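Data first, discussion second: the structure below is written as structure tokens.
Worth saying up front: this structure is predicted, and the values here are computed from it rather than measured. Just so it is clear: chains get the letters A, B, ... in the order the sequence lines come, proteins before strands, and each one is counted from 1.
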Number of protein chains: 2
Amino acid sequence: MKPTESELEILQVLWEKGPSTVRQVNEHLSQTRDIGYTTTLKLMQIMHEKGLLSRTEEGRYHVYQALIGEEETQQHLLDRFVDTAFRGSAMKLVMQVLGNSKATPRELEELQKLINQLNPENNEPDEQL
Amino acid sequence: MKPTESELEILQVLWEKGPSTVRQVNEHLSQTRDIGYTTTLKLMQIMHEKGLLSRTEEGRYHVYQALIGEEETQQHLLDRFVDTAFRGSAMKLVMQVLGNSKATPRELEELQKLINQLNPENNEPDEQL
DNA sequence: AAAGATATACGAATCGTTTCGTAGAAGTCA
DNA sequence: TGACTTCTACGAAACGATTCGTATATCTTT
């Protein structure tokens with residue numbers, strides 16, 4: 001339930017591409033870094049043992065699939081990260097991200113919407129609950 | 001420049017308490033988890049070798065001090081985290097934090113201010129630059 | 001001075017992760 | 001069929017982080 005960095009890389013491929021063979025995943029990974037086929041294989045086998053991936057045999061191939069969701073996993077990692085790096089202060093983290101990021105107007109608009117939802121009193125009233 | 005989790009724990013003590021001896025740090029750490037004195041000692045020695053901590057001898061004690069700043073370090077960890085866990089999408093991270101956090105009105109207000117700064121066009125004009 | 005507490009230094013065991021070499025099974029092709 | 005390629009399985013090396021035992025020096029206390 002707490003993937004390592006390498007495992008996270010693999011999960012991201014599977015989230016993006018859907019169920020894949022070891023070769024497909026390895027192909028993708030080796031575009032960004034040096035990694036041998038058997039390394040990827042071993043990692044995915046371990047992840048299968050750990051229950052992070054499911055595996056179905058199709059002929060001579062094994063097709064793997066992520067068993068944990070992207071959002072769910074990100075949330076989990078995020079919680080941990082806030083704790084360890086920001087000593088629990090989520091707001092401090094948000095401020096720091098925003099302060100240093102170049103958000104598009106589109107994104108800022110969405111963000112604004114979210115804030116209005118969170119803080120109904122402070123703004124023009126939307127609708128009654 | 002990229003502290004491990006244990007190192008981060010120690011840094012946080014030093015950031016909070018200022019320059020400290022091994023014993024003081026260890027005292028603090030052992031409140032939250034099981035850790036032997038020599039373990040803390042060794043960690044701090046290594047951090048000193050790595051250049052993460054400075055060390056001054058006072059009598060028979062060594063007084064250690066963080067050589068990297070808290071904000072600076074958090075920013076660095078944050079950048080890395082956004083990359084690995086959120087594939088670079090800082091905004092997605094912000095949304096997810098905000099969606100799941102109970103921010104105080106005070107915090108939301110600050111956040112609002114920050115957003116207005118970032119997005120001058122979209123809101124009532126503040127002042128000319 | 002002797003005993004005990006407390007400091008640093010250091011080597012080494014342990015642990016989890018990552019990496020790869022090698023072996024054997026199974027498919028492909030000439 | 002024989003040579004090649006391409007799977008999976010598996011053991012083990014390599015690496016970094018963490019942990020601790022032990023040795024030695026230094027202070028404190030009686």
Worksheet entry | 5' precedence on DNA chain C between Glu7(A) and His62(B) (nearest-nucleotide basis) | His62(B)
Worksheet item: Are the side chain of Gln74(A) and the backbone N or O of Phe86(B) linked by a donor-acceptor pair below 3.5 Å?
Response: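 Judged by distance alone, no pair lies under 3.5 Å.
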Discussion item. For Gly18(A), is there any backbone N or O sitting under 3.5 Å from a side-chain donor or acceptor partner on Ser20(A)?
Written reply: yes
Worksheet item: Contacts to DNA chain D from residues 9-33 of chain B, heavy-atom cutoff under 4.0 Å, which residues?
Response: Arg33(B)
Practice prompt. Please identify each residue that fulfils salt bridge (charged side-chain N to carboxylate O under 4.0 Å, His left out) with Glu5(A), with sequence neighbours left out.
Written response: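 Only Arg80(B) meet the salt bridge (charged side-chain N to carboxylate O under 4.0 Å, His left out) criterion with Glu5(A).
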Does [X] have any side-chain contact (heavy atoms from CB on, under 4.5 Å) partners at least two apart in sequence or in another chain, and if so, which?
X: Ser89(A); value: Lys92(A)
X: Glu72(A); value: Met1(A), Ile68(A)
X: Ala103(B); value: Met91(A), Ser101(B), Glu107(B), Leu108(B)

Discussion item. Show every salt bridge (charged side-chain N to carboxylate O under 4.0 Å, His left out) that has at least one partner inside residues 20-40 of chain A, sequence neighbours left out.
Written reply: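 Those involving residues 20-40 of chain A are Glu9(A)-Arg33(A).
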Discussion item. Per the salt bridge (charged side-chain N to carboxylate O under 4.0 Å, His left out) rule, what does the pair list look like for residues 11-21 of chain B, sequence neighbours excluded?
Written reply: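 Those involving residues 11-21 of chain B are Arg87(A)-Glu16(B).
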Of the listed nucleotides ([options]), which one gets closest to any side-chain atom of [X]?
X: Ile46(A); options: dA7(C), dT19(D), dT18(C); answer: dT18(C)
X: Lys50(B); options: dT18(C), dC20(D), dA17(D); answer: dA17(D)
X: Ser6(A); options: dT18(C), dA9(C), dC7(D); answer: dT18(C)

Mind calculating the distance between [atom1] ([X]) and [atom2] ([N]) to the nearest angstrom?
X: Met47(B); N: dT8(C); atom1: CE; atom2: P; result: 15 Å
X: Leu43(B); N: dA9(C); atom1: CG; atom2: P; result: 14 Å
X: Glu5(A); N: dG16(C); atom1: CD; atom2: P; result: 18 Å
X: Tyr61(B); N: dA25(D); atom1: OH; atom2: P; result: 19 Å
X: Met44(B); N: dT18(D); atom1: CE; atom2: P; result: 14 Å
X: Glu58(B); N: dT26(D); atom1: CD; atom2: C1'; result: 16 Å
X: His48(B); N: dA7(C); atom1: NE2; atom2: P; result: 19 Å
X: Leu52(A); N: dG16(C); atom1: CG; atom2: P; result: 16 Å

Quick one: which protein N/O atoms are closer than 3.5 Å to N/O atoms of nucleotides 10-14 of chain C? Pair and distance per line, please.
unit_1	atom_1	unit_2	atom_2	d
dG11(C)	N7	Lys42(B)	NZ	3.4
dG11(C)	O6	Lys42(B)	NZ	3.2

Worksheet item: Heavy atoms under 4.0 Å, any strand shown: does Tyr37(A) hit a base, just sugar-phosphate, or nothing?
Response: base
Practice prompt. Describe the nucleic acid contact of Thr39(A) in one word from base, sugar-phosphate, nothing, applying a heavy-atom distance below 4.0 Å.
Written response: base
Show me the donor-acceptor pairs within less than 3.5 Å that the side chains of residues 51-60 of chain A make with the rest of the protein, sequence neighbours left out.
unit_1	atom_1	unit_2	atom_2	d
Arg55(A)	NE	His62(A)	ND1	3.4
Arg55(A)	NH1	Tyr64(A)	OH	3.2
Glu57(A)	OE2	His62(A)	NE2	3.4

Give me the distances for all protein-to-nucleotides 27-29 of chain C N/O pairs that come in under 3.5 Å?
none

Item to complete: Give the intermediate values and the outcome of salt bridge (Lys or Arg N to Asp or Glu O under 4.0 Å) for residues Glu110(B) and Arg106(B).
Response: CA-CA 7 Å; Glu110(B) 265 191 57; Arg106(B) 178 84 186 71; 3.6 Å; yes
Item to complete: Can you run down the side chain to side chain donor-acceptor pair (under 3.5 Å) pairs that involve residues 36-45 of chain B, sequence neighbours left out, and say none if there aren't any?
Response: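 Those involving residues 36-45 of chain B are Asn26(B)-Thr40(B).
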Worksheet, complete the sentence: Sorted by chain and residue number, the side chain to side chain donor-acceptor pair (under 3.5 Å) partners of Lys2(A) (sequence neighbours excluded) come out as none
